[in-house]
Amino acid sequence: MPSIALCDLKNKKEKKKIALKNPEIEKKVKKLKEPTIKEEENGLEVKNMKKKRKVSELHLEEDSETSLEVVKPIDVKVKVKLKLKEKKKKKNKAKVEEEEDGDKEEEDEGETEDPNAISRFRVSEAVRKKLESKGIESFFPIQAMTFNVILNGTDLVGRARTGQGKTLAFVLPILESLTNGSAKASRKTGYGRAPSVLVLLPTRELAKQVFEDFEVYGEVSGLTSGCLYGGAPYHTQEMKLKRGVDIVVGTPGRIKDHIERGNIHLGSLKFRVLDEADEMLRMGFVDDVELILGKVEDASKVQTLLFSATLPDWVKGIATRFLKTSKKTVDLVGNEKMKASTSVRHIVLPCSKSARSQLIPDIIRCYSSGGRTIIFTETKDSASEFSGLLPGSRALHGDIQQAQREVTLNGFRSGKFMTLVATNVAARGLDINDVQLIIQCEPPRDVEAYIHRSGRTGRAGNTGVAVMLFDPKRSSISKIERESGVKFEHISAPRPVDVAKSAGLEAAKLITEVSDSVIPAFKSVARDLLATSGLSAEDLLAKALAKAAGYSEIKCRSLLTSMENYVTLLLEARKPIYTLSYVFAVLKRFLPEEKVQSVQGLTLTADGTGAVFDVAEEDVEKFLASISPPLFSTSWFDRHISVEGSLICTSEKSAGSEDHAGRSAENAANVTLEVMKKELPRLQERNQSRGRLGGGQGGFGDRNGGGGRFSGGRGVRGGFSDRRNDRFPGGGGGRGRYNSKKW
Ligand SMILES: Nc1ncnc2c1ncn2[C@@H]1O[C@H](COP(=O)(O)OP(=O)(O)OP(=O)(O)O)[C@@H](O)[C@H]1O
């Protein structure tokens with residue numbers, strides 16, 4: 001579990017490069033930026049339509065009632081290149097030099113040809129120009145693959161990974177259909193008109209975001225939109241509806257209210273869209289959604305679209321009920337193992353609850369590349385609590401007044417503050433520029449939440465980092481890993497010494513910016529200090545830099561719980577260790593009761609031969625001396641002074657060097673104890689702890705010692721308390737446990 005020290009990188013660019021060092025990510029990002037749909041799949045409205053239609057049919061199968069077909073993108077570029085290669089071969093036979101030159105030109109032309117160019121789709125000029133003004137000249141795969149299907153009047157289920165442009169995938173063809181397509185003729189116009197489009201979304205923030213897209217592109221098409229969500233005054237919404245709007249975007253609760261108040265009539269509806277459908281239904285809006293959709297008098301005349309990055313099986317039932325049997329499915333994730341964003345570095349880091357507030361600022365410093373960070377907490381209280389602890393951050397959750405929620409989100413979008421601490425209310429759909437880092441304070445309850453939260457970064461072809469903290473004693477990451485297909489990068493906390501180096505660089509930069517005019521005022525003090533301190537000029541300056549960076553000392557940090565001033569020890573035995581009770585028994589043989597009780601986060605290693613735990617820095621020597629007889633005359637502390645002279649618990653010395661194993665001579669109990677300096681071994685996860693003593697399957701016994709140690713209120717300090725985690729009843733995920741009120 002390497003500690004990846006990004007901290008000492010000099011600038012944002014370098015950090016980004018490192019964040020991308022995962023070759024898999026680089027490959028995928030490149031792929032997203034390239035056109036990935038075959039020319040034929042666009043269903044382009046251009047000359048060679050016949051040929052295209054054939055292939056298009058191949059990939060856009062009609063759905064049956066019971067199945068969701070998977071459509072896979074095909075790499076256009078590869079195909080274009082292959083054709084060109086063939087052409088080139090033929091021409092080479094002729095061996096005519098001039099012809100070869102011509103061929104080269106043709107190849108260049110061919111390679112730059114963009115089959116997803118918006119100019120090749122039935123997008124009206126005004127909208128195209130608007131898109132261009134926003135730098136959008138080419139469709140993303142999901143857009144290219146769904147545009148004509150929607151424009152041609154077919155119901156559709158669309159799925160693509162987070163940040164791949166699903167919003168415009170429905171906004172643009174709907175606008176075109178209303179202004180130039182099949183819905184144009186029967187669309188109601190004029191004062192007091194009933195809406196032609198109804199878009200339902202799970203959160204107010206998302207509703208507002210999607211509404212803004214409809215406004216921007218609708219305006220140039222002569223269409224108006226209204227946004228209806230709770231927490232905002234009814235009156236303004238009613239007035240807007242009275243005047244008449246073409247498109248209504250909103251959350252189910254408020255839309256239902258307006259329908260019941262007689263403010264919205266759905267008799268003229270042409271489109272209904274369920275965006276983030278699974279979330280809406282999971283949040284308990286199913287009745288509202290059904291009621292709203294049920295208000296449509298003649299469903300056969302309405303086109304229904306359902307989009308999300310995640311479509312759990314149970315959503316398919318909903319799709320079957322609300323979409324026509326002729327519906328198409330464009331699924332760009334399908335059966336691919338990796339369901340989460342491929343442009344994100346997915347990292348996990350062990351951290352106890354009490355260490356989070358110390359660790360998170362360092363993670364931000366190391367991984368945010370100077371961009372925005374969103375921190376996800378499980379509850380509204382902890383979101384507020386955290387934002388209180390992190391200077392310059394703001395909280396966003398369901399208990400905050402809507403007006404304040406909007407101020408907060410606007411402030412975050414505009415860069416007034418760079419860290420947002422949010423509940424799942426910000427997990428879905430939010431598209432905020434330059435979010436570089438996502439921190440999840442603990443593993444979410446289901447894989448969908450992980451996918452959407454981590455997907456707030458790495459959007460539209462950009463890259464990002466998602467760090468998930470987990471407490472090995474209380475939570476499990478293997479379920480999320482398995483279901484999302486993410487291969488997590490395991491790292492340990494940024495080392496305080498690395499963070500300090502990074503802060504030192506920033507301080508050095510600041511010092512060079514200080515005007516020379518200050519020198520005369522401070523020079524004599526500097527001279528006196530140099531003469532009296534007994535330090536070299538270099539050391540003295542180092543101290544001054546440390547102070548300027550806010551450091552008076554460098555604390556050490558545990559690898560296991562990430563707690564400051566704690567050190568992680570590894571106890572190993574010659575035989576398998578089945579229970580924590582055994583470890584406690586061993587410790588009790590050598591140490592006084594109060595020291596044994598003070599250990600934190602005791603966890604068995606995955607290989608079953610050892611256990612790791614944290615002890616306070618000042619107790620390390622006592623533990624080592626008591627359990628492993630000293631191999632060397634020097635003390636642990638002496639051996640942990642780094643070359644820079646600072647105490648670092650995660651020594652930079654390599655394995656096999658003199659002090660790697662600390663004191664590891666065996667004692668009467670045939671166990672060894674050593675300081676963990678660089679990497680943690682793989683640990684048993686919470687849900688692996690059923691076994692011999694617990695009566696379940698698996699190799700290892702009940703780590704909780706049959707309800708002993710950790711359930712009886714041992715009064716451990718901070719870190720890992722004895723509280724069982726009752727948020728995982730039965731260890732399973734699944735529906736029904738989501739409590740939207742928590743947000
Ligand atoms: N064709 C395009 N070219 C460039 N940028 C685009 C294109 N289409 C959309 N975008 C931008 O990509 C970003 C992500 O789009 P969007 O929010 O629609 O993603 P999404 O797939 O809905 O993500 P999520 O699943 O998280 O909701 C937005 O900033 C959007 O403006």
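Atoms within a ligand are numbered from 1 in the order they appear, just like the ligands themselves. All values reported here derive from a predicted model rather than from experimental measurement.
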- Arg372 and Gln436: side-chain hydrogen bond (donor to acceptor under 3.5 Å, both in side chains), yes or no, with the steps? CA-CA 6 Å; Arg372 292 174 180 75; Gln436 298 284 339; over 6 Å; no
Let me have the donor-acceptor pairs involving side chains of residues 414-422, under 3.5 Å, with sequence neighbours excluded, atom names and distances please.
residue, atom, partner, partner atom, Å
Ser414, OG, Asn410, O, 3.0
Ser414, OG, Gly411, O, 3.3

- Message: Less than 3.5 Å apart, any donor N or O on the side chain of Gln164 or Arg159 sitting next to an acceptor on the other?
- Response: no
- With a 4.5 Å limit on heavy-atom distance, are the side chains of Ser308 and Lys166 in contact? no
- Query: Can you say whether the rings of His346 and Tyr450 are parallel (under 30°), tilted (30 to 60°) or perpendicular (over 60°)?
  - Reply: tilted
Quick check for students: name every N or O atom pair between ligand 1 and the protein closer than 3.5 Å, with distances.
residue, atom, partner, partner atom, Å
ligand 1, 1 (N), Ser138, O, 2.7
ligand 1, 1 (N), Gln143, OE1, 3.0
ligand 1, 8 (N), Gln143, NE2, 2.8
ligand 1, 17 (O), Arg459, NH2, 2.9
ligand 1, 18 (O), Lys166, N, 3.3
ligand 1, 18 (O), Thr167, N, 3.0
ligand 1, 18 (O), Thr167, OG1, 2.8
ligand 1, 19 (O), Gly165, N, 3.2
ligand 1, 19 (O), Arg459, NH2, 3.3
ligand 1, 21 (O), Gln164, N, 3.1
ligand 1, 21 (O), Gly165, N, 3.1
ligand 1, 21 (O), Lys166, N, 3.0
ligand 1, 21 (O), Lys166, NZ, 2.7
ligand 1, 23 (O), Gly163, N, 2.8
ligand 1, 23 (O), Arg459, NH2, 3.0
ligand 1, 25 (O), Lys166, NZ, 2.6
ligand 1, 26 (O), Arg456, NH1, 3.0
ligand 1, 26 (O), Arg456, NH2, 2.7
ligand 1, 26 (O), Arg459, NH1, 2.8
ligand 1, 26 (O), Arg459, NH2, 3.3
ligand 1, 27 (O), Glu276, OE2, 3.2
ligand 1, 29 (O), Asp431, OD1, 3.4
ligand 1, 29 (O), Asp431, OD2, 2.4

- Please check if the side chain of Gln237 supplies one atom and the backbone of Leu228 the other of a donor-acceptor pair under 3.5 Å. no
